[in-house]
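Every chain is numbered from 1 and lettered A, B, ... according to where its sequence line falls, protein lines coming before strand lines. Everything quoted here is computed from the prediction, not taken from an experiment.
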2 protein chains.
Amino acid sequence: MDITTTIEDVANLAGVSIKTVSRVVNMEPNVRPATRERVQDAIRELGYQPNPSARGLASKRSYLVGLFYDDLMAESTYIVNVQRGVLTRCRKEGYELLIHPFNYHQNGINGLAEEITANIIKSRIDGVILTPPLSDLSIAIETLKRLDKPQIRLSPGHHESGSPCVYSDDRIAARLMTEHLIQLGHKRIAFIAGHSGHLAIVHRQTGFIDAMTAAGLNIDNASVSQGSNTFESGVKCAREILSHERAPTAIFASTDEMAAGVMSVAHQLGYSIPGDLSVAGYDNSQIAHQVWPALTTIAQPVNEMAEIATGLLIDQLRGGKKSISQVAMQSELVLRDSTGPAPC
Amino acid sequence: MDITTTIEDVANLAGVSIKTVSRVVNMEPNVRPATRERVQDAIRELGYQPNPSARGLASKRSYLVGLFYDDLMAESTYIVNVQRGVLTRCRKEGYELLIHPFNYHQNGINGLAEEITANIIKSRIDGVILTPPLSDLSIAIETLKRLDKPQIRLSPGHHESGSPCVYSDDRIAARLMTEHLIQLGHKRIAFIAGHSGHLAIVHRQTGFIDAMTAAGLNIDNASVSQGSNTFESGVKCAREILSHERAPTAIFASTDEMAAGVMSVAHQLGYSIPGDLSVAGYDNSQIAHQVWPALTTIAQPVNEMAEIATGLLIDQLRGGKKSISQVAMQSELVLRDSTGPAPC
DNA sequence: ACGTCTGTTGTTAACGTTTAAAATGTGTAG
DNA sequence: CTACACATTTTAAACGTTAACAACAGACGT
């Protein structure tokens with residue numbers, strides 16, 4: 001129970017050398033089952049916890065993983081869930097998590113490389129989990145490679161880079177959502193794109209276009225407007241979209257925040273949702289439950305993806321199987337009350 | 001620039017012993033300015049970064065601080081801002097942050113003590129930042145004291161415990177908000193309380209009662225209803241409150257999420273805000289901007305509080321001034337468009 | 001000039017673990 | 001019964017830093 005119990009105490013109690021204790025602790029082979037048992041008993045009895053600093057010094061590992069994300073995303077449901085998933089896995093595997101938000105919009109893209117380098121050198125991180133939009137910046141990927149830091153990316157789609165990655169295909173999911181709207185009879189559907197620095201947004205837009213094209217529906221200039229992921233930008237876009245003479249009967253916003261902005265405007269303008277206008281979002285954020293009616297959206301299994309990614313990273317750190325480098329996960333269409341049949 | 005540069009390399013380049021380099025790195029006294037300069041040049045030239053594991057091993061410090069919070073709060077704007085503030089200060093001071101969400105609702109309050117103990121022993125944390133509602137549980141405070149871990153609390157009000165704390169007085173701020181509503185001419189004001197496990201909520205309710213009593217306004221049973229901090233609970237309470245024959249003309253919800261729930265119901269029932277009904281929240285969460293009209297609320301300087309708290313903790317860790325143990329910060333009334341004059 | 005103090009620098013031994021190499025046992029084939 | 005291979009265990013030397021103490025230098029009072 002004492003925090004100052006050392007490997008030597010355990011060795012003495014078990015009547016073996018410290019190296020044998022080390023073997024047991026690290027689950028190394030070549031320990032006789034009986035010995036292993038004896039050591040484990042001693043560990044339990046003394047409540048021994050290996051000293052991470054000593055370990056780190058001797059083995060040149062820190063048992064720390066870093067979560068790198070865009071500070072602008074810090075408040076998003078996405079990042080919070082990633083944190084949760086990563087933490088869950090870290091605890092299981094005996095790793096700790098260091099969170100590192102980045103502010104690369106001020107210093108530009110080169111500043112980012114420097115900032116990453118500084119962070120890696122200063123912190124003793126063993127490996128990095130990269131989240132969007134950082135995970136889609138080759139400068140980030142390459143910088144970490146140059147520093148020889150194991151990394152795993154969470155990404156909105158398949159990627160050629162060959163760097164290990166857990167992804168869900170946003171293009172397919174966006175297509176799914178659009179098809180849902182089309183099935184409800186909507187013909188004039190508007191899409192609100194988001195921050196173009198996010199690859200996810202690009203994929204979602206492509207998925208929208210895929211579905212529209214496949215259904216033979218018209219995509220004119222007015223069909224796609226440019227937001228920036230935020231509620232406010234959703235408001236702005238909606239004002240514009242709904243001011244047109246032949247306004248769409250459905251709006252698919254590429255983030256839930258923007259969709260919430262759309263709904264707010266729609267209510268103000270007297271639209272009934274989904275009677276007059278269907279609204280769909282993407283991400284299954286908290287806000288999707290906090291609007292009325294509840295928002296139809298796409299849910300990625302963020303928690304699970306983060307857990308899996310962390311697992312893969314730790315495998316990599318343990319020098320194990322580098323084979324599995326790309327894992328695909330399925331997003332889900334969550335039908336709620338903000339979408340309904342097109343008005344006649 | 002090489003990550004494997006050691007203190008010895010620096011010592012050789014500067015022509016001094018490693019101890020002198022150590023002195024310079026740790027800003028210890030008794031180094032001649034000229035020597036210090038020479039060492040600093042060498043450090044710069046080699047891009048030397050002290051090895052944290054070696055440091056930790058020798059000094060029994062880890063340069064890691066832990067942020068302990070309730071996992072249920074993980075998605076709140078509050079916790080996100082605390083994370084940001086803490087990180088800002090940690091970076092300045094050369095510390096790293098370990099985030100530790102706790103799930104003590106399943107295992108009960110005793111489970112919490114064990115969980116904290118396990119976390120402290122396993123992780124090499126030097127000190128802990130406790131956030132509400134953990135910071136108001138004496139079991140948490142006492143457990144850390146027993147483990148001899150320096151701690152600092154972020155709290156919604158003054159506290160007798162004597163443990164160091166940065167707080168903003170929620171009672172006073174809630175009184176301020178209530179007075180604002182009273183000044184607008186409201187006489188029937190409803191208060192929606194939140195999760196009673198949060199001391200903040202209790203203080204906010206007391207502040208509400210303070211103001212009502214001081215103004216000679218009636219507080220009957222119907223004036224205070226019981227929510228649980230969430231949007232959904234706000235919806236539930238609002239349905240009830242607004243179903244009464246003499247419904248209030250203003251509702252003060254003790255969290256923004258609940259206030260947003262209230263607004264959603266009010267819109268559905270055809271109330272105009274703030275024409276027919278004023279709504280106020282607390283926390284200045286993201287959602288306060290994402291409702292229409294924008295929500296009048298109370299803003300705590302969360303970022304700043306977290307920074308200061310972290311600074312105090314690190315001072316403590318450095319063995320410095322333990323004198324300043326309670327810092328009070330001012331919350332601010334943020335007037336937006338959801339509150340207005342009472343209807344005649 | 002001498003000792004003494006004070007500020008500066010150096011030396012040596014931890015700190016608790018892993019790694020590499022050496023030593024001991026244990027079983028099996030000849 | 002011996003020898004050799006192989007599994008298990010021990011020993012000794014890192015790892016890079018700080019802590020404790022020793023040594024040295026120059027300033028100062030006597």
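- Residue A:Val25 is out of contact with every strand shown, counting any heavy-atom pair closer than 4.0 Å.
- Within the 4.0 angstrom heavy-atom criterion, no nucleotide atom of any strand lies near B:Arg36.
- The backbone N or O of B:Asp70 lies less than 3.5 Å from no partner atom in the side chain of B:Thr131, so there is not a single donor-acceptor pair.
- Across all strands shown, A:Thr35 has heavy atoms under 4.0 Å from sugar-phosphate atoms exclusively, and none from any base.
- The OH atom of A:Tyr63 sits 9 Å away from the C1' atom of C:dT18 (whole-angstrom rounding).
- For B:Ser59 and B:Pro29, each mapped to the nucleotide of DNA chain C holding its nearest heavy atom, the one lying further toward the 5' end belongs to B:Pro29.
- Put simply, the side chain of B:Arg23 and the base of C:dG10 share a donor and an acceptor less than 3.5 Å apart.
- Note on A:Asn51: only backbone sugar-phosphate atoms sit closer than 4.0 angstrom, heavy atoms only; bases stay farther off.
- Residues passing the side chain to side chain contact (heavy atoms under 4.5 Å, CB included) test with A:Ser138: none are found, sequence neighbours excluded.
- One atom, CG of A:Leu46, and another, P of C:dG16, lie 14 Å apart when rounded to the nearest Å.
- Here chain B contacts DNA chain D (any atom closer than 4.0 Å to a heavy atom, that is under 4.0 Å), and the contacts span D:dG16 to D:dA20 from 5' to 3'.
- Rounded to whole angstrom, the span from the CD atom of B:Glu8 across to the P atom of C:dG10 amounts to 13 Å.
- A distance below 6.0 Å separates the ring centres of B:Phe68 and B:Phe102.
- In this structure, B:Thr20 does not reach the C:dT8 phosphate: none of its side-chain N or O atoms is under 4.0 Å from OP1 or OP2.
- Within the cation-pi definition used here (under 6.0 Å to the ring centroid, within 45° of the axis), B:Arg55 qualifies as a partner of B:Tyr63.
- Between A:Asp126 and A:Lys149 there is no salt bridge, since none of the side-chain N atoms of the basic residue sits less than 4.0 Å from a carboxylate O of the acidic one.
- Side chains of A:Ser168 and A:Gln300: a donor-acceptor N/O pair is present below 3.5 angstrom, by distance only.
- Using a 4.0 Å heavy-atom distance criterion, A:Pro50 is classed as a sugar-phosphate-only contact.
- A:Lys19 has its NZ atom 6 Å from the P atom of C:dT19, to the nearest Å.
- Whole-Å rounding puts the A:Ile18 CD1 to C:dG16 P distance at 11 Å.
- Atom-to-atom, CG of A:Asn26 to P of C:dT17 comes out at 10 Å; the value is rounded to the nearest Å.
- Comparing B:Arg61 and B:Arg32 against DNA chain D, the residue whose closest nucleotide sits nearer the 5' end is B:Arg61.
- The heavy-atom pair separating A:Ala309 from A:Leu154 by the smallest distance is CB-CD2, 4.0 Å.
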